[in-house]
2 protein chains.
Amino acid sequence: MSLVVVGSVAYDGVETPHGTVERMLGGACTYVSLAASFFTEAAVVAVVGDDFAPEDTRLLASHGIDLAGLERVPGQTFFWSGVYSPDMNDRTTLRTDLNVFAGFNPKLPEHYRSQPYLLLGNIQPSLQRSVREQMTAPRLVGGDTMNYWISDFKDELLAALKDWDFLLVNDSEARQLSGQHNLRRAAQAIFDMGPHTVVIKRGEYGAVLFRPEGHFIVPGYLLEDVFDPTGAGDSFAGGFFGYMASRGLDIKDDTAIPEIRRAVIYGSVMGSFCCEQFGVDRFRTLTRAEIDARFNEFKEFTCF
Amino acid sequence: MSLVVVGSVAYDGVETPHGTVERMLGGACTYVSLAASFFTEAAVVAVVGDDFAPEDTRLLASHGIDLAGLERVPGQTFFWSGVYSPDMNDRTTLRTDLNVFAGFNPKLPEHYRSQPYLLLGNIQPSLQRSVREQMTAPRLVGGDTMNYWISDFKDELLAALKDWDFLLVNDSEARQLSGQHNLRRAAQAIFDMGPHTVVIKRGEYGAVLFRPEGHFIVPGYLLEDVFDPTGAGDSFAGGFFGYMASRGLDIKDDTAIPEIRRAVIYGSVMGSFCCEQFGVDRFRTLTRAEIDARFNEFKEFTCF
């Protein structure tokens with residue numbers, strides 16, 4: 001079943017200890033939809049400028065991604081650039097040019113509105129809410145956010161969040177949103193804001209799925225080389241939600257817990273592959289067989 | 001079977017967000033032997049001053065710990081104090097008074113020498129080597145070390161390390177020793193120094209067991225309250241090696257891998273309990289039934 005993804009489609013410049021790329025395809029919506037496309041049909045809602053390259057459109061289309069919601073307007077595509085620390089655990093933003101993204105006002109194509117799965121990527125919370133309201137009756141709505149919206153748009157974020165089935169954020173965002181350092185307490189506080197489930201990404205340390213009846217922890221995959229971590233969290237989201245959609249799952253269904261745990265593993269698998277090459281490059285050649293082999297590796301190195 | 005443990009027996013002063021304790025029983029040898037005592041007979045090699053309190057001797061004895069190797073000399077017992085950051089991920093040392101520990105020259109009682117299991121706690125590497133040489137033919141030797149010995153006593157450490165079956169250190173120590181940031185590469189480099197197995201502790205993020213044929217990752221237990229992390233790493237070591245000893249395991253035996261993985265879990269269990277109260281207090285009341293219940297919790301929150 002189709003997964004509708006809203007968020008940024010962008011160009012990124014990154015510098016890691018492995019090299020520098022001045023301009024490559026990026027953006028949360030790009031990573032989420034590409035990662036999800038290995039499991040299900042993805043449909044994007046985003047805006048790009050008239051500089052958006054035909055080969056980038058072709059890459060998305062070649063993954064079966066529905067581009068009816070990819071709006072093209074005059075101007076430049078959102079551009080971000082950053083440099084990673086030698087251990088790649090920190091990064092410094094060098095440039096953020098919102099460009100056409102500054103005027104983004106997502107409008108869902110008619111055939112998107114009845115789709116069952118919706119991922120609200122990290123954009124202005126009232127735009128997330130507007131997208132949610134354009135959907136007829138989605139079975140499952142999940143969303144991401146970031147420090148800027150939590151600190152400066154808290155009311156809008158809380159108004160959007162109360163209608164989400166799950167929140168998918170990193171640990172520092174969960175702490176900032178909840179005001180709780182302890183992750184268990186942070187998840188409890190976020191349950192009270194609306195979401196039934198909270199998925200907390202911990203970068204190289206993996207992820208935790210919190211649900212009212214308990215939690216599930218997956219450690220991070222130990223890569224021998226982290227080439228470029230850009231987009232790993234969004235690829236996690238795509239793998240997680242893509243697998244959920246492919247199985248037609250409802251996150252509130254306790255009988256689906258074994259499948260939901262597998263979705264967390266598939267998220268982790270996609271996040272780990274993302275780091276193996278610059279930008280989205282690993283997804284150009286990745287196969288479902290490689291994905292399933294790594295899923296089995298997770299079983300092997302965590303099983304006791 | 002008995003596990004001989006050499007290391008510090010000390011008094012600690014700690015300040016955490018939960019309160020301040022000016023003086024409490026501590027030291028690596030104390031935590032290791034207490035944690036191990038829930039699984040096997042532990043025998044300590046350490047030195048204390050004439051201020052060492054009878055109730056502290058009684059606590060160790062009440063856990064069946066062999067104190068024949070606990071030397072008492074005139075003077076004050078090793079004292080350390082420190083203060084934890086609000087999130088307890090960092091601590092600052094306020095005082096380190098080596099006192100009688102400065103002259104520590106471990107001599108093993110005769111009946112210790114034929115024991116099969118030896119844990120060399122974090123002391124001067126040439127003393128670790130001397131203790132190893134006093135043992136007749138131990139089945140399994142493991143050791144710990146720290147940044148100071150790695151930077152200033154590298155040759156002595158490498159000379160000691162080549163005879164160890166496993167090294168048990170935290171991630172920053174593994175990186176410093178190997179010169180490799182990536183943990184997989186760090187473990188490979190340490191294999192070349194002698195140890196067959198490398199156990200890397202990652203604090204709240206758990207631990208990784210590296211062996212030539214592959215690795216096993218366990219995430220950290222998510223406590224709702226971390227009361228005092230002092231001694232958690234040593235309690236991990238005690239649980240890990242104590243369980244190994246209780247089952248008569250050889251770490252180089254590939255058929256024992258399922259049991260060795262369970263030992264990593266028992267280490268994690270003991271490390272998590274240690275954080276629940278100040279110092280060794282949690283071990284005063286802890287039961288084997290509670291330990292096994294938490295072991296099962298690890299299965300529950302990692303299984304998929």
Report task. Taking B:Arg262 for its side chain and A:Phe304 for its backbone only, find out whether a donor-acceptor pair lies under 3.5 Å. Result -> no

Report task. Output every pair passing side chain to side chain donor-acceptor pair (under 3.5 Å) with a member in residues 182-191 of chain B, not counting sequence neighbours, ordered by first then second residue. Result -> A:Asp225-B:Arg185

Report task. Name the option with the most non-hydrogen atom pairs under 4.5 Å to chain B; the candidates are A:Leu183, A:Ile265, A:Leu209, A:Val218. Result -> A:Ile265

Report task. Can you see which heavy atom on A:Phe210 is nearest to which on B:Leu222, and at what distance? Result -> CZ-CD1, 3.6 Å

Report task. Below 4.5 Å from any heavy atom of chain B, which atoms of A:Leu223 appear? Answer side chain, backbone, both or neither. Result -> backbone

Query raised in the report: Relative to chain B, which segment of A:Val208 carries a heavy atom at a distance below 4.5 Å: side chain, backbone, both, or neither?
Result: side chain

Report task. Please state whether the side chain, the backbone, both or neither of B:Glu259 comes within less than 4.5 Å of a heavy atom of chain A. Result -> neither

Report summary line: Those residues of residues 271-299 of chain A that come under 4.5 Å of chain B on a heavy-atom basis, listed by number, are A:Phe295, A:Phe298, A:Lys299

Requested in this report: Below 4.5 Å from any heavy atom of chain A, which atoms of B:His215 appear? Answer side chain, backbone, both or neither.
Outcome: both

Query raised in the report: Side chain, backbone, both or neither: which part of A:Glu300 has an atom under 4.5 Å from a heavy atom of chain B?
Result: both

Report summary line: Between B:Pro219 and A:Ile217 the two heavy atoms that sit nearest each other are CB-CG2, 3.5 Å

Query raised in the report: Less than 6.0 Å separating the ring centroids of B:Tyr205 and A:Tyr205?
Result: yes

